[in-house]
Number of protein chains: 4
Amino acid sequence: MGTLEGMSIDEPGEDCGAVTPRPLRRDAERNRQRILCAASEVLAERGLDATLDDVAHKAGVGVGTVYRRFPGKEALIGALFDDRLSSLVAIGERALAEPDPWTGLVSYLEAAAELLTADRALRQILMFTAFGRDQAARARAQLQPVVTRLVSRAQDAGCVRADLRATDVPFAVFMLAAAADYARPVRPATWRRYLALLLDSLPPARSATTPLPEPPLSPAEMQSAMQCGPVYLR
Amino acid sequence: MGTLEGMSIDEPGEDCGAVTPRPLRRDAERNRQRILCAASEVLAERGLDATLDDVAHKAGVGVGTVYRRFPGKEALIGALFDDRLSSLVAIGERALAEPDPWTGLVSYLEAAAELLTADRALRQILMFTAFGRDQAARARAQLQPVVTRLVSRAQDAGCVRADLRATDVPFAVFMLAAAADYARPVRPATWRRYLALLLDSLPPARSATTPLPEPPLSPAEMQSAMQCGPVYLR
Amino acid sequence: MGTLEGMSIDEPGEDCGAVTPRPLRRDAERNRQRILCAASEVLAERGLDATLDDVAHKAGVGVGTVYRRFPGKEALIGALFDDRLSSLVAIGERALAEPDPWTGLVSYLEAAAELLTADRALRQILMFTAFGRDQAARARAQLQPVVTRLVSRAQDAGCVRADLRATDVPFAVFMLAAAADYARPVRPATWRRYLALLLDSLPPARSATTPLPEPPLSPAEMQSAMQCGPVYLR
Amino acid sequence: MGTLEGMSIDEPGEDCGAVTPRPLRRDAERNRQRILCAASEVLAERGLDATLDDVAHKAGVGVGTVYRRFPGKEALIGALFDDRLSSLVAIGERALAEPDPWTGLVSYLEAAAELLTADRALRQILMFTAFGRDQAARARAQLQPVVTRLVSRAQDAGCVRADLRATDVPFAVFMLAAAADYARPVRPATWRRYLALLLDSLPPARSATTPLPEPPLSPAEMQSAMQCGPVYLR
DNA sequence: GATGAATGAGTATTCATTCAT
DNA sequence: GATGAATGAATACTCATTCAT
């Protein structure tokens, strides 16, 4: 899980950041990462009902170690959320850096959906988990201005309908993630079909139809999706 | 739950009937219905994590009775699924009865999404639960022809783009359900906003933009949704 | 454990009492008694730290059964407390029935200490566990008037010093129980030695010589002690 | 904790000493003292359930250091016990130095009870914890002669009943500690009331009326009680 | 047939103790 | 020697499922 490896490990030299109360010992940090990776994988496989024992086993550590690094299950999931949130913010900022407003918005939707699509745990976390007041606040505080700017910039350029709002964007991403959740085991890219559909509804006055890039699921694939799809039932 | 009430109850004497293993005794069938109703209500409120004791209590019977009527929790949920599936088929047939093809398709999407929106467990079931081979097959067998007809009829009438497929329809419903799952505790009708958006992308060449019928969530409502939203985390 | 066997089982005929919501099924009540007995024994042996699994094992039932009958560990111990409390009240009433005031007070102290002495769990419960407000209140409400009467009656008869208070009595019992706790494995009756010593300090002759230096706890303080006292229950 | 501070620290160089395995390095000894102090405070507050992590934190050292200095939790508590034992012996010796035999005995009882009263863990230790054979032996070896002398001296002076024994004294202290444990959160000095009561039963005049019914524990029995007594230490 | 009592594997979490850094 | 990271057995409690009444 490349995303996790590269994050939040202070390089040996740059410890002058000084915000973190104390950098973890090398091995502790390594285990922290292992735990996050394992959590991500296990949760992706078995959903949020996965046990911390499973996570610990996958990470190759004892349960106690998980509890040493995270106050509890919810906190561990919260850490995952925080990490992914940073990625989303980065995605948003890259999208804002895009000179063309339309391309910017589209690339945000695409990259955000791609991120969610690649990680089921993240979809569940973003879509279904109630978090503590502060985490939710942080998420909003970081993402909202970026997304707001993306939308209003596109509206000012006349390429997006005037009644679209910034809060519609996460909904679009959730909806795409829901589609992805369903189709992924059969044909992972299916969600792009619905992104295209969605984009078709965005221009103030649509002129030409975009041909849908992905074929629909065949009835057989559809059935197969229903059988091996995400299991939340215990 | 009207659908449940109306199920045909075989008279005690005519057990010589062909396929059905044996018609239930009058009181047994009454209990079966009570259990399904109770399950429907309890699961709609609390989702799939509701306990069978809760269901039994709500139904006014003992747990043992639930197990006498259904092999287990999954089977009970499966029966609910079947019931809802019938509702969906009925919805589809009503939509087909609609003379105008476009109105027919739209009313199907609307009614199907409405059904999912009112029942949390149903959303979870449809979106996340893997069912047995036969149930999935039955679902497909019953729904697919109806939906296929709805789509092709609309395409023949020239009011829907040619590259839309029947399997896109359940995806649309799932996506709307995902939106509903998220926004429901704050503003339950929000999903209609996204149905409108979606419909805007369906015509072969869109002429006028449909004004979105529901306002978007305010940032504050958005945050509140994140806090009290569907909790799958135990 | 004879005391437990005879208690709180409604005789088949006398169900007109009607206070209890519903009499337990025969087997359920039998198991309830088994659990209480086992709890009493196990707690007596291993102290309040004994696990409910131990209790269940001793009772020959599964843990779930224990939890079906009692909401949790504390509730189980509370039930034990309630049972013993009834015994104490009965002891107090027998003591009041005694015509001679001095004999009455002495027999209460003796019988109460005997009760505590025979059951270590009870000693711990009475001495160390903080219970819910209502249980403590019930204990006080039932015992206090009886004990108050025992003391004042003896004082009126001139056989007990005037500065003794009703709240001194439970303290005496606790102190004897502490002695019993210690000496029991070696010589179980040792506490009687200290009861005799204590009784020697009660006649009024002594109060002239040494007035008691600290005021006794008021009934309200006593109750407050029962509520915030040392909690050894985990 | 004055007693702890004053312990003799062998100089680094003179490790050729006889019995002591090896004098600790200066800093090691300092840590040992810090740990004992911290343990004393933490245990006094929270009782024996306090964790070693708490102790280590309070002492400003790592848990590992605690384990380097003491084999385990029980050993640490044992060391505390030893320390308190020294205090008791000192108290006893001060009491013996008292010219008046009665005052001597009373001041021992008072000071000993005061010591126990101030430290919850100590109460638990003295009253409930079974210690290793050697610790109990040491306790007896050190305390018994002092207490025996205190008692017999008072008896010789004619101010204490003849049937009192040395082993009655620790029982008196335990009983007072039990009272203290109970009343402490409400009115900490309450135990003095019961000390006064107890003292009232000691003069020889009393023994004429009621000969004590049970023999006292012999010193050997006392020791045996200390070893097999109720164990609350986990 | 109905009931609800009994079961016990499973879950999150804690803490004394060990061991790598 | 000191540190604190890692360990995992233990504990209270839940709930789907079975079975005696």
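Computed from a predicted structure; not experimentally measured. Atoms considered below: every heavy atom in the structure, side chains included; atoms not considered: hydrogens, waters and symmetry mates. Per chain, numbering begins at 1; letters A, B, ... match sequence-line order.
In terms of position along DNA chain E, the nucleotide closest to Thr51(A) lies nearer the 5' end than the nucleotide closest to the other residue of the pair Pro71(D) and Thr51(A).
In this view, Arg68(D) satisfies the salt bridge (Lys or Arg N to Asp or Glu O under 4.0 Å) rule with no residue, not counting sequence neighbours. In terms of the side-chain hydrogen bond (donor to acceptor under 3.5 Å, both in side chains) criterion, residue partners of Arg46(D) (sequence neighbours excluded) are, by chain and number, Asp54(D). Listed by chain and number, the residues in a salt bridge (Lys or Arg N to Asp or Glu O under 4.0 Å) with Lys58(B) are Glu41(B) (sequence neighbours excluded).
Atom CG of Asp54(D) is separated from atom C1' of dC15(E) by 10 Å (rounded to the nearest Å). Rounded to whole Å, atom C1' of dA5(F) lies 17 Å from atom OH of Tyr67(A). Between the CG atom of Leu52(B) and the P atom of dT18(F) there is a distance of 12 Å, given to the nearest Å. Rounded to an integer number of Å, the gap from NE2 of His57(C) to C1' of dA10(F) is 17 Å. The nearest whole Å value for the distance from the CD1 atom in Ile77(A) to the C1' atom in dT13(E) is 15 Å. As a whole-Å value, the separation of Lys73(D) NZ from dA16(E) P is 4 Å. Taking atom CD of residue Glu74(B) and atom C1' of nucleotide dT17(F), one finds them 14 Å apart after rounding to whole Å. If you take CZ of Phe70(B) and C1' of dT18(F), they are 18 Å apart, rounded to a whole angstrom.
The closest donor-acceptor contact from the side chain of Lys73(A) to the backbone of Leu48(A) lies under 3.5 Å.
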- Message: Would Thr65(B) and Phe70(B) count as a side chain to side chain contact (heavy atoms under 4.5 Å, CB included) here? Give the steps.
- Response: CA-CA 9 Å; Thr65(B) 306; Phe70(B) 303 92; over 6 Å; no

- Query: Ile77(A) and Phe81(A): side chain to side chain contact (heavy atoms under 4.5 Å, CB included), yes or no, with the steps?
  - Reply: CA-CA 6 Å; Ile77(A) 292 173; Phe81(A) 177 85; 5.6 Å; no

Give each protein N/O atom lying under 3.5 Å from an N/O atom of nucleotides 6-9 of chain F, with the pair distance.
{"residue": "dA6(F)", "atom": "OP1", "partner": "Asn31(A)", "partner atom": "ND2", "Å": "2.0"}
{"residue": "dA6(F)", "atom": "OP2", "partner": "Arg69(A)", "partner atom": "NE", "Å": "3.4"}
{"residue": "dA6(F)", "atom": "OP2", "partner": "Arg69(A)", "partner atom": "NH2", "Å": "3.2"}
{"residue": "dA6(F)", "atom": "N7", "partner": "Arg68(A)", "partner atom": "NE", "Å": "3.4"}
{"residue": "dT7(F)", "atom": "OP2", "partner": "Gly62(A)", "partner atom": "N", "Å": "2.6"}
{"residue": "dT7(F)", "atom": "OP2", "partner": "Thr65(A)", "partner atom": "OG1", "Å": "2.5"}
{"residue": "dG8(F)", "atom": "N7", "partner": "Gly64(A)", "partner atom": "N", "Å": "3.4"}

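Counting only heavy atoms from C-beta outward, the side chains of Val55(A) and Val61(A) never approach each other to under 4.5 Å. Arg32(A) has its side chain out of reach of Ile35(A): every pair of non-hydrogen atoms, C-beta onward, lies at least 4.5 Å apart. Side chains of Leu43(C) and Asp49(C) form no contact here, defined as non-hydrogen atoms less than 4.5 Å apart.
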- Symbol by symbol from the 5' end, with Watson-Crick or G-U pairs under 3.5 Å, [ ] crossing and | another strand, DNA chain E is .||||||||||||||||||||

